[in-house]
Protein chains: 2
Amino acid sequence: MTTRKETKATQIARTLAERIVSGKLEPGARLRQDHIAEEFGTSHVPVREAFRLLEAQGLAKNEPRRGVRVAAFDLNQVREVAEMRAALEVLALRNAAQHLTPAILAAAEEATLEGDQARDVMAWEAANRRFHRLLVAPCGMPRLLAAIDDLHAASARFLFSAWRSNWETRTDRDHRAILEHLRRGETDAACAVLSRHVQWIGHKPIETASGKKRKAFVIEG
Amino acid sequence: MTTRKETKATQIARTLAERIVSGKLEPGARLRQDHIAEEFGTSHVPVREAFRLLEAQGLAKNEPRRGVRVAAFDLNQVREVAEMRAALEVLALRNAAQHLTPAILAAAEEATLEGDQARDVMAWEAANRRFHRLLVAPCGMPRLLAAIDDLHAASARFLFSAWRSNWETRTDRDHRAILEHLRRGETDAACAVLSRHVQWIGHKPIETASGKKRKAFVIEG
DNA sequence: ATACCCAAAATTATCTATAATTTTAAAGGT
DNA sequence: ACCTTTAAAATTATAGATAATTTTGGGTAT
């Protein structure tokens with residue numbers, strides 16, 4: 001009984017999303033449906049549906065009759081995603097605040113610790129996302145949470161594009177400040193720190209595949 | 001030469017979206033791909049892609065192997081959409097404020113007047129949406145604007161579900177207050193009014209098709 | 001009468017094949 | 001040499017057909 005709740009289209013979409021976010025697929029790369037269909041052992045119909053899912057997440061862009069490409073991004077989009085995240089995560093935290101339990105705050109503390117000890121950017125991102133997810137999840141607003149998740153994926157793209165290798169550990173003071181405010185019931189203060197934290201944009205010179213140096217812009221929060 | 005930039009999937013999605021928003025398709029109604037394909041004179045493949053687009057907008061919900069239904073909505077979702085709109089439209093207005101010209105403000109004034117004179121809810125909604133669109137469009141943040149558009153569609157659904165008929169004209173004081181603040185360069189004040197305005201939720205008893213009375217909750221802003 | 005099970009029908013998801021469009025590359029004219 | 005035109009190849013978009021799953025309805029036992 002292979003009762004799977006997942007359809008092939010969503011499987012393909014999830015796998016492609018991982019590749020785009022992690023940078024294995026570069027911005028502007030063409031996604032050819034027949035090639036992808038062959039790789040996944042399906043026809044191209046589920047692939048087309050997967051493309052639509054990626055488009056909705058803002059990870060791919062479709063031009064009718066001209067194919068699908070990995071969405072490009074520039075500084076303006078990094079800023080845009082950061083500001084949207086700030087607005088929506090603050091809204092979510094305000095609604096979640098009254099439902100936060102000591103157990104949730106403890107789990108968030110642990111996620112922060114895990115992030116501080118992360119050895120590479122993938123591990124750090126996973127812990128960071130867990131921290132933010134834990135705090136906003138109790139808001140009970142599914143549409144809002146889905147929107148925030150999509151923005152997190154976009155943020156991670158920017159992050160990975162800069163820190164593909166050479167990650168250095170650090171202690172996250174903002175996370176601890178947010179938790180301390182929440183423990184004291186100071187919701188406004190927690191939201192203020194969160195808003196600033198998410199909108200912080202890092203600048204880092206990186207080497208591209210072609211050897212040239214260029215500046216990368218990263219959401220770290 | 002039928003060089004259309006619109007694919008059949010998007011045409012179907014747009015038509016179905018209109019029906020869902022206007023209430024011609026009721027919440028929970030099943031969307032059967034073969035029937036819809038026949039109506040539009042296509043095969044079911046473009047229909048399936050249209051379903052994915054509707055899903056992304058939050059207008060339909062898909063359960064694998066069990067079909068697609070028009071998304072339901074309750075008071076919680078009305079509140080959720082209103083709060084998300086408030087957060088995102090304020091963000092957009094803050095970024096748009098410095099690019100607003102007297103010409104744009106005049107056009108927004110005209111949209112307000114048109115809304116005040118509207119004879120039915122459809123006309124009012126069109127004018128209202130135009131007003132909000134004019135003010136936020138200059139922010140230059142395409143992802144943000146797309147998210148706001150989707151939320152507007154959801155708002156309109158709630159609105160039409162209550163005011164299917166018997167609309168009464170009124171003068172919109174909030175719109176005028178927002179414009180006055182913007183003319184004076186008082187961005188914070190304008191955003192404050194906008195936030196309250198969008199979050200205002202109307203309550204109205206309506207008659208359902210089955211004859212029963214029930215309460216409807218409406219975003220009017 | 002009610003609950004359960006099984007077969008038939010309806011519906012969804014996928015595959016194979018076809019048509020339409022765009023990209024490419026090359027040939028020919030200026 | 002360079003630009004335009006034209007044919008070929010690659011790719012996307014849709015159609016028609018098949019397989020798999022769920023729903024429906026009737027019959028039977030309790």
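The sequence lines fix the lettering, A, B, ..., with proteins before strands; numbering per chain opens at 1. Model, not experiment: these values are computed from the prediction.
- Here the P atom of nucleotide C:dT21 and the NZ atom of B:Lys8 are 10 Å apart, to the nearest Å.
- The residues A:Asp149 and A:Arg133 are annotated as salt-bridged, a charged nitrogen and a carboxylate oxygen being separated by less than 4.0 angstrom.
- For the pair A:Glu63 CD and C:dT21 P, the computed distance is 17 Å after rounding to whole Å.
- Rounded to an integer number of Å, the gap from CZ of B:Arg52 to C1' of D:dA13 is 17 Å.
- With rounding to whole Å, A:Phe51 atom CZ is found 16 Å from D:dT14 atom C1'.
- Residue A:Thr7 has a polar side-chain atom (N or O) positioned under 4.0 Å from OP1 or OP2 of C:dT14.
- For B:Gln33, the side-chain atoms get nearest to C:dT12 when compared with the rest of D:dA15, C:dT12, C:dA17.
- Put simply, the side chain of B:His35 and the base of C:dT11 share no donor and acceptor less than 3.5 Å apart.
- The side chain of A:Pro46 lies closest to C:dC15 when the candidates are D:dA15, C:dC15, D:dT22.
- Side-chain N/O atoms of A:His197 and A:Asp172 include no donor and acceptor closer than 3.5 Å.
- For B:Ile12 and D:dT14, the CD1 to P distance is 8 Å, given to the nearest whole Å.
- Look at A:Arg65 and you won't find any side-chain N or O under 4.0 angstrom from OP1 or OP2 of D:dA13.
- For B:Arg30, counting side-chain heavy atoms from C-beta on, the closest listed nucleotide (C:dT12, D:dT12, D:dA15) is C:dT12.
- Under a 4.0 Å N-O distance rule, the pair A:Glu49/A:Arg52 does not qualify as a salt bridge.
- Computed from coordinates, the A:Phe40 CZ to C:dC15 C1' distance equals 18 Å when rounded to whole Å.
- Whole-Å rounding puts the A:Arg32 CZ to D:dT12 C1' distance at 12 Å.
- For A:Arg48, counting side-chain heavy atoms from C-beta on, the closest listed nucleotide (D:dA13, C:dC15, C:dT23) is D:dA13.
- In B:Glu39, the CD atom is crowded: over 12 heavy atoms of neighbouring residues, nucleotides or ligands sit closer than 6.0 Å.
- If you check distances only, the side chain of A:His44 does reach the base of D:dT14 with a donor-acceptor pair under 3.5 Å.
- Put simply, CD on A:Glu49 is 8 Å from P on C:dA13, counting in whole angstrom units.
- Using a 4.0 Å cut-off between charged nitrogen and carboxylate oxygen, B:Arg94 and A:Glu83 do not count as a salt-bridge pair.
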